[in-house]
2 protein chains.
Amino acid sequence: MKLSEAKQQFIQSWGVLGSQWGINRSMAQVHAILLVASKPLSTDDIMEQLNISRGNANMNIRDLIDWGIVEKVIIPGDRKEYFSADKDIWRVATRIMYQRKKKELDPMLKVLNQISDVEGDKRNADIKAFTETVDSIKRLAGHADKAMEMMIKAEENWFLNSFMKLLK
Amino acid sequence: MKLSEAKQQFIQSWGVLGSQWGINRSMAQVHAILLVASKPLSTDDIMEQLNISRGNANMNIRDLIDWGIVEKVIIPGDRKEYFSADKDIWRVATRIMYQRKKKELDPMLKVLNQISDVEGDKRNADIKAFTETVDSIKRLAGHADKAMEMMIKAEENWFLNSFMKLLK
DNA sequence: CTGAATTTTCAAAATATATTGAAAGATTTG
DNA sequence: CAAATCTTTCAATATATTTTGAAAATTCAG
């Protein structure tokens, strides 16, 4: 398979995957194209290769930067801004999960805490069913939090390991 | 807080959370209402409490059943079908992840395997950038697979543990 | 087998989300 | 500082997804 063809396939699939997980297709594709680029790309490069508008490209690049998985690169003597994606895929995964946890899981947890004590007799079947379910979700969320932390720790180790290799 | 109020809050939040993760709001809400119900509900109960149409209720109930997290309950002497959600939230989580892995991650992996050997000189910077990224994603996917398996194993243990408690 | 009760389907309508493009805002250069 | 270049914003538009509701299909009791 030719490189250009393989890249297209990758960008396509990454876009589909993203859209199924609540990340819009363009954003996933912008990320994909930066992931497989051998050098930083400008907004125009991205617009041209993905056939998207300037506004679209710009917004999605900003969001990726906010997520901490893409960074701006200044090329001396060029007025354009260039962008490159973090190629450490493990770090990318943990960053994305962390962002989404913060924006989506944590609000849910807040609600769970608010609703977990309801008025009335604890022996009432309705109340029992409700509190048991809510409590078990809270417990699961706690485990998920632990797992996240574990992964971030593992990432630090991975990073440290790479660093050690460089020094040897 | 009153039980009815707490339930409403829960259904609402569960719906929002679902929609952010690529599960449509109605489906998440149908799941939520069944999760906190103390007894099986009919399609009419669900329609009424969520203010959704019969078609919508029906489709989403079917999908939840296909995911293996809701089951049909027959109440003798009643022609209506009733439904109840699996209350073991850990099992629910692993089922959902497994379904999504199968439908969404596995196709991505298939593409990654197809595109991971490209024609041309391996020392070429473009080709190197591409294959390294693709390979690292494949490696991450491998880890994710392992983690999934681990969780399913843990689920079996949990289940076994609950069973043991019952016997004591 | 009949007909009432219930479930399923799916085209049309409603809603929600993403994209465009041009104007406004910044930034840099000479 | 004026002009050129580049970036950002956002209302309008386009696209995608979800929901409805009524008709068709199925199920079941008598």
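Residue numbers begin at 1 in each chain, while the letters A, B, ... track the order of the sequences.
One can place CG of B:N58 at 16 Å from P of D:dA22, the figure rounded to the nearest angstrom. Atom-to-atom, NZ of A:K80 to C1' of D:dA4 comes out at 13 Å; the value is rounded to the nearest Å. Rounding to whole angstrom units, CZ of residue B:R54 and C1' of D:dT20 are separated by 12 Å. Atom-to-atom, CE of B:M59 to C1' of C:dT9 comes out at 6 Å; the value is rounded to the nearest Å. One can place CG of B:D78 at 14 Å from C1' of D:dT27, the figure rounded to the nearest angstrom. Straight-line distance from the CZ atom of A:R62 to the P atom of D:dT9: 9 Å, rounded to whole Å. Atom-to-atom, CD1 of A:I74 to C1' of C:dT27 comes out at 11 Å; the value is rounded to the nearest Å. Distance A:D63 CG to C:dT19 P: 12 Å, rounded to the nearest Å.
In this structure, the side chain of A:T133 engages the main chain of B:L35 through a donor-acceptor pair within 3.5 Å. Judged purely by atom type and a 3.5 angstrom limit, B:N113 uses its side chain to pair as donor or acceptor with the backbone of B:L109.
Residue-to-nucleotide proximity on DNA chain D shows that, of A:F83 and B:N24, the 5′-proximal contact is made by A:F83. Residue A:K72 is the one, among A:K72 and B:N51, whose nearest nucleotide of DNA chain D lies closer to the 5' end (criterion: closest heavy atom). Nucleotides of DNA chain C nearest to A:R79 and A:N60 differ in position, and the one nearer the 5' end is that of A:N60.
Between B:S26 and D:dT19 there is a side-chain N or O to OP1 or OP2 distance below 4.0 Å.
B:W67 places none of its side-chain heavy atoms less than 4.5 Å from the side chain of B:V92.
The side chain of A:E81 sits closest to D:dT7 out of C:dT8, C:dT20, D:dT7.
Between A:W14 and A:H31, the two ring planes are tilted [angle within 30° to 60°].
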